[in-house]
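Lettering follows sequence order; numbering is per chain, from 1.
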Amino acid sequence: MEISKQYDPKQAEQHHYERWEQQGCFAPEINRDDNAPAFSIVIPPPNVTGSLHMGHALQHTMMDVITRYKRMCGYRTMWLPGMDHAGISTQLMVSRELKKENLTRHDLGRERFIERVWKWKKESGGQITKQMRREGASVDWSREKFTMDEDLSRAVREVFVRLYDEGMIYRGNRIVNWCPNDQTVLSDLEVEKTPQAGKLYYLRYPAKNGEGGVTVATTRPETMLGDTAVAVNPNDERYQSLIGKTLSLPLTGREIPIVADGFVDAEFGTGAVKVTPAHDPNDYDMGVRHNLEQIVVIDQYAKMTEAAGAEFAGLDRYKARAKVVEKFEESGLLERVVDYEFSISKCERCKTVIEPLISMQWFLRMDELRDEALKLLASQKLPQFVPEVPYEKVYSSWLENLRDWTISRQLWWGHQIPAWYTPEGEVIVARTEAEARAQAGTDELTQDPDVLDTWFSSQLWPFSAMGWPEQTKDLDTFYPTSVLMTGRDIIFLWVSRMVMMGLKLMKREPFADVFITGTILDAHGQRMSKTKMNGIDPLEVFDKYGVDATRLKLASVGSTDIRWSDKQVESYRNFANKIWNASRFALMNSEGATIDSQSLVASPELALHDRWILSRLHRTAGEVRAALSGYQFHEAVQTLYHFFWDDFCDWYIELTKAAVTAEDASAQRTAARTRLLSVLEQALRLLHPFMPYITEELWQQLPGAGKHLLHPAYQQAEPTIMLTAYPEAESALIDEGAEWEMQAIIDLISRVRNIRSEMQIKPGESIPVLIGAPDEKLRAVYSANSNQITRLLRASDVSISDQLHAPQASARAVLVGGGEVAVPLAGLIDFEVERQRLNKEKEKLASEASKLEAQIANPQFAERAPAEKVDEVRARIADIGQRLTQLDQTIANLQ
RNA sequence: AGGCGCGUAGCUCAGUUGGCAGAGCGCUGCCUCGACACGGCAGAGGUCUGGGGUUCAAGUCCCCACGCGCCUACCA
């Protein structure tokens with residue numbers, strides 16, 4: 001069998017996914033164990049307009065690692081994929097296409113426009129589903145959903161009606177965030193605040209009777225045309241006498257009162273605030289409190305209205321600002337202008353400055369929902385955030401300050417609000433138009449043209465995607481889901497809302513755990529974004545380094561922010577190659593051998609390295625399982641990397657090589673080969689959730705890999721590593737003795753190698769190795785493994801005795817456990833170099849000893865530290881002391 | 001303005017109940033030794049940002065300072 005020297009990821013990535021998918025490996029139905037526990041994840045549905053970016057790749061990798069792991073543990077596993085219709089994005093995307101044909105959506109009309117969006121979706125939407133296949137994501141495509149699917153839309157209407165009937169959804173004319181560019185209202189979460197260098201204008205409003213007046217400070221002078229009051233703090237002594245008096249509003253001649261309101265900060269500006277109820281959220285509230293008129297002077301296109309006066313009507317808001325300032329200056333009422341930095345609200349999507357407007361919209365009351373979510377957190381600690389700090393608090397403090405949610409949008413693409421109006425203006429909310437007609441007793445209904453905020457449907461995802469409001473089997477089995485994995489940017493937009501809706505409609509939390517992934521930044525620590533053009537395309541990384549290497553890198557990111565670096569992926573690419581070549585070695589020497597679980601049973605007759613690797617295998621399985629159960633991805637990756645590379649490749653393969661590559665066939669050789677294959681097979685299983693392609697590619701080639709290795713729950717399936725059992729960690733098989741003995745061998749070999757290197761002994765040159773070990777047990781360990789020692793050290797001879805008998809001209813080293821090793825170097829040794837080498841060693845030990853002695857010299861340490869700590873320190877001092885004495889002697893004996 | 005997080009080797013980052021400071025990359029030397037040069041072996045490199053405190057013991061817990069980042073907010 002020819003196996004190439006280098007791993008070619010592309011080849012491994014070609015066929016396996018398709019086969020897995022076709023054979024139904026991703027669907028929970030593959031599991032035939034009726035008593036299997038369930039594990040489920042719903043994917044955060046990516047936008048139908050989106051294509052894969054690093055954030056997706058990151059989240060998908062972690063979800064897939066956990067899903068594959070759980071599946072191998074025998075869980076009935078479902079990872080549900082799907083997409084979000086992404087109202088604004090999608091509408092804009094299709095509108096841009098229309099523009100190329102010199103059309104607007106209004107030219108088509110609503111119905112044809114929506115048809116056009118569906119057509120776009122069918123032809124070019126959902127790029128991401130293809131890309132996810134490349135990632136190796138083991139999602140159950142047979143359950144794929146789209147938030148605009150008919151059944152999910154039905155769920156949306158059902159929820160709307162129920163909440164409306166309970167009075168939680170209402171329609172109201174209130175001040176909202178309006179985007180003059182997108183021509184729709186936005187929720188608070190879709191508005192971003194950015195710092196802005198601007199000016200603060202001090203405007204003088206004269207008193208009605210011409211005597212005195214008040215100066216107000218504002219960043220938006222144009223809104224003064226809609227002022228209906230000036231407010232001061234009730235406790236502000238400067239203005240006591242003016243409260244209740246009337247001012248004459250310049251440019252309009254209108255008369256406006258001076259009111260007292262606690263909102264006003266006496267310290268800021270002049271302590272007097274102009275009040276524009278129709279164009280500022282705070283002023284709106286004050287207006288309500290003082291029963292002030294709302295004069296709309298800016299329209300939905302951010303142009304001044306007739307109410308702003310003939311001179312201003314039709315002007316853009318910024319032109320109007322300049323003109324207002326000019327007029328104030330002309331009339332001497334502009335007191336001063338100062339530079340001022342403040343934050344400005346912009347549309348998250350198009351970056352247009354938001355205009356607060358009073359508008360008729362639909363709202364969802366959040367108070368009760370919020371209280372239930374907070375109660376769940378307080379009483380049951382659900383959901384459990386990982387990491388808990390800081391996200392639990394981020395979540396709860398946001399909930400505590402939650403305001404009602406504006407759920408209507410002036411768009412065409414989305415779930416149209418199931419509300420109809422009679423010619424008399426009566427509102428009918430119903431699941432269908434037929435139901436509405438029946439209720440209204442008339443057919444002359446017009447449906448509300450608005451659609452719902454995209455997040456309104458996303459918040460139902462964990463149960464609507466499983467068939468709610470039908471009582472489906474999937475809901476029974478998989479709700480609540482096990483864990484939600486997502487980025488921190490949608491904790492408010494999505495996570496919290498799912499919790500509230502889950503509680504409201506399912507009477508249960510939608511997920512037990514919420515794992516928040518870190519963020520991948522560019523090399524300079526900047527967030528990756530389309531506008532900055534600093535994003536890194538995961539597909540390019542896949543092409544360059546392979547999917548498995550990229551996944552390993554992504555998995556190791558865990559929950560911290562990290563700067564992207566190709567170097568790290570490269571090192572995991574090298575790791576993949578290492579796995580490839582270790583397997584190649586096993587396969588090249590596999591004649592007569594086959595995977596055999598019996599070879600994984602430890603027994604005292606086995607060679608040290610065999611007992612040792614089995615112990616390491618179980619320890620590793622235990623550590624990886626523990627790490628994954630706490631979502632410690634980084635820890636899991638490090639453990640696997642270290643086990644495979646250091647333990648398995650550097651030591652185990654080297655130690656078993658002699659037996660495995662023996663010229664002549666023998667029972668011993670077969671046993672060694674069998675064990676090597678079997679340990680390798682276990683290692684591949686351990687790695688599979690992280691590196692699905694290479695592990696499958698290799699596993700399929702292992703002699704003896706077949707159905708019988710599958711987890712009992714998957715017995716009827718075709719052979720694949722993804723359905724084998726994840727290695728168990730049996731603590732009984734962790735062999736402390738073997739690990740300690742192996743440590744002694746590793747120590748010995750490392751020290752002699754150090755001598756070889758420092759004394760510049762040619763790698764090809766054989767050397768005699770003399771070991772003196774007073775400890776009988778250690779002596780036994782050395783002699784039992786003398787063949788291995790000989791081989792790894794290229795020794796001409798290894799002699800072991802209780803006392804070291806070495807020629808004067810030898811390089812020496814002190815061993816753990818009190819032994820000593822020497823390499824005779826007649827004629828080769830440079831005593832000066834040797835002395836320096838030994839002194840360096842001595843200094844290291846001495847500094848460690850002095851630290852420990854200082855510790856033990858402190859009487860309080862012995863008094864207060866736990867006894868085992870004290871003993872431990874004493875033992876270490878004794879050990880170091882012994883080695884130091886020996887070193888001294890060795891140095892003294894030089895020459 | 002408040003809240004939160006971070007600062008560990010040249011670089012990117014681990015370090016979960018306080019108990020011997022770690023990895024990868026980079027760097028130095030040696031090596032075509034029959035799995036792998038995307039490799040092997042041996043090394044160098046740290047006042048854990050600074051200053052106080054708690055403790056027998058602090059990278060880890062507390063306080064202060066400096067630097068960097070993130071989030072929330074109704075100062076016109």
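Counting non-hydrogen atoms under 4.0 angstrom, Val273(A) reaches a base of the nucleic acid. Contacts of Glu848(A) with the nucleic acid, taken as non-hydrogen atoms under 4.0 Å apart, include base atoms. At a threshold of 4.0 angstrom between heavy atoms, the contacts of Tyr201(A) with the nucleic acid are absent. Asp283(A) comes within 4.0 angstrom of no nucleic acid atom, judged by non-hydrogen atoms across all strands. Residue Glu267(A) is classed as having no contact, given no heavy-atom separation below 4.0 Å to the nucleic acid. Here Arg791(A) lies out of heavy-atom contact (under 4.0 Å) with every strand. Note on Tyr641(A): only backbone sugar-phosphate atoms sit closer than 4.0 angstrom, heavy atoms only; bases stay farther off. Note on Asn858(A): only backbone sugar-phosphate atoms sit closer than 4.0 angstrom, heavy atoms only; bases stay farther off. Contact annotation for Arg756(A): no contact, since no heavy-atom pair falls under 4.0 Å across all strands. Within the 4.0 angstrom heavy-atom criterion, no nucleotide atom of any strand lies near Lys762(A). Heavy atoms of Tyr572(A) sit nowhere under 4.0 angstrom from any nucleic acid atom. Across all strands shown, Pro859(A) has no heavy atoms under 4.0 Å from either base or sugar-phosphate atoms. Residue Pro390(A) is classed as a sugar-phosphate contact, given heavy-atom separations below 4.0 Å to backbone atoms only.
A donor-acceptor contact closer than 3.5 angstrom is absent between the side chains of Trp645(A) and Asp647(A). In this structure, a donor-acceptor pair under 3.5 Å is present between the side chains of Ser187(A) and Glu190(A). A side-chain N or O of Thr276(A) and one of Asp227(A) form a donor-acceptor pair less than 3.5 Å apart. Looking at Tyr7(A) and Asn581(A), their side chains never bring a donor and an acceptor atom within 3.5 Å of each other. Using modelled atom types and a 3.5 Å distance limit, the side chains of Arg204(A) and Thr215(A) yield a donor-acceptor pair. With no hydrogens or angles considered, a side-chain donor-acceptor pair links Arg488(A) and Thr519(A) at under 3.5 Å.
If you measure from atom CG of Leu402(A) to atom P of C74(B), you get 12 Å, rounded to the nearest angstrom. Distance CD (Glu654(A)) to P (G34(B)): 11 Å, rounded to an integer number of Å. In this entry the distance linking CD of Gln836(A) with C1' of G43(B) reads 15 Å, nearest Å. The distance from atom CD1 of Ile856(A) to atom C1' of G19(B) is 12 Å, rounded to the nearest whole Å.
On the P atoms, U55(B) is 28 Å away from U47(B), given to the nearest whole Å. Remark: the separation of the C1' atoms in A21(B) and A9(B) is 10 Å, to the nearest Å. Nucleotides C61(B) and G24(B), compared at atom P, are 26 Å apart to the nearest Å. The separation of U8(B) from C68(B), taken at their C1' atoms, amounts to 16 Å, rounded to a whole angstrom. Rounded to a whole angstrom, the distance from the C1' atom of G15(B) to that of A23(B) is 10 Å.
In this structure, Asn577(A) does not reach the G39(B) phosphate: none of its side-chain N or O atoms is under 4.0 Å from OP1 or OP2. Neither OP1 nor OP2 of C74(B) sits under 4.0 Å from any side-chain N or O of Tyr284(A). Contact annotation: Lys393(A) reaches the phosphate of C4(B) (side-chain N/O to OP1 or OP2, under 4.0 Å).
Candidate nucleotides A44(B), C74(B), A76(B) were compared by shortest atom distance to the side chain of Lys844(A), and A44(B) ranks first. For Phe585(A), the listed nucleotide lying nearest its side chain is A35(B); candidates were A42(B), A35(B), G39(B). In the set G19(B), G39(B), G26(B), G19(B) carries the atom at the smallest distance from any side-chain atom of Pro866(A). You'll find that the side chain of Arg794(A) is closest to C33(B), out of C33(B), A76(B), C36(B). The side chain of Ser571(A) approaches G24(B) more closely than any other nucleotide in the set A76(B), A35(B), G24(B). For Val389(A), whose side chain is taken as the heavy atoms from C-beta onward, the closest listed nucleotide among G39(B), A42(B), G5(B) is G5(B). Across C70(B), C74(B), C31(B), the shortest atom-to-atom separation from the side chain of Pro763(A) is found for C31(B). Nearest nucleotide to the Tyr340(A) side chain, out of C41(B), A76(B), A35(B): A76(B). Across A42(B), G39(B), G19(B), the shortest atom-to-atom separation from the side chain of Trp645(A) is found for G39(B). The listed nucleotides are C74(B), A35(B), A42(B); the one nearest the side chain of Arg753(A) is A42(B).
Within residues 486-496 of chain A, the residues having any heavy atom under 4.0 Å from RNA chain B are, by residue number, Phe492(A).
Side chain of Arg756(A) to backbone of Leu793(A): a donor-acceptor contact under 3.5 angstrom is found.
Under the 4.5 Å side-chain criterion, counting only non-hydrogen atoms from C-beta, Val557(A) is not in contact with His634(A). Residues Met366(A) and Arg403(A) fail the side-chain proximity criterion, which asks for heavy atoms closer than 4.5 Å.
Ring to ring, Phe575(A) and Tyr641(A) are close: their centroids are under 6.0 angstrom apart.
Both tests pass for Arg336(A) against the ring of Tyr202(A): distance under 6.0 Å to the centre and angle within 45° of the axis. Annotation: cation-pi geometry satisfied between Lys657(A) and Phe585(A) (NZ/CZ under 6.0 angstrom from ring centroid, within 45° of ring axis).
Below the 3.5 angstrom threshold, one finds no donor paired with an acceptor across the side chain of Lys869(A) and the base of A57(B). Within 3.5 Å, a donor on the side chain of Arg573(A) pairs with an acceptor on the base of C38(B), or the reverse. Within 3.5 Å, a donor on the side chain of Lys578(A) pairs with an acceptor on the base of C36(B), or the reverse.
Taking the six-membered ring where tryptophan is involved, the planes of Phe648(A) and Tyr652(A) are essentially parallel, since the angle between them stays under 30° and well short of 60°.
At most 12 non-hydrogen atoms from other residues, nucleotides or ligands lie less than 6.0 angstrom from CD of Glu591(A).
Comparing Ala865(A) and Asn401(A) against RNA chain B, the residue whose closest nucleotide sits nearer the 5' end is Ala865(A). Annotation: of the two residues near RNA chain B, Gly269(A) and Trp651(A), the 5′-most nearest-nucleotide partner is Trp651(A).
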Applying side-chain contact (heavy atoms from CB on, under 4.5 Å), run through Leu702(A) and Leu680(A) and close with a yes or a no. CA-CA 9 Å; Leu702(A) 296 182; Leu680(A) 173 65; 3.9 Å; yes
Could you walk me through whether Asp261(A) and Asn233(A) satisfy the side-chain hydrogen bond (donor to acceptor under 3.5 Å, both in side chains) test, starting with their C-alpha distance in whole Å, then the side-chain angles of each, then the deciding distance to 0.1 Å, before giving a yes or no? CA-CA 5 Å; Asp261(A) 194 291; Asn233(A) 190 288; over 6 Å; no
Does the protein touch nucleotides 6-13 of chain B at the base, only the backbone, or not at all? Give it as B, S and - per nucleotide, heavy atoms under 4.0 Å. ------BS
Map every base of RNA chain B to its dot-bracket character, where paired means a Watson-Crick or G-U wobble contact with both distances under 3.5 Å and | marks a partner outside the strand. (((((((..((((.....[..)))).(((((.......))))).....(((((..]....))))))))))))....
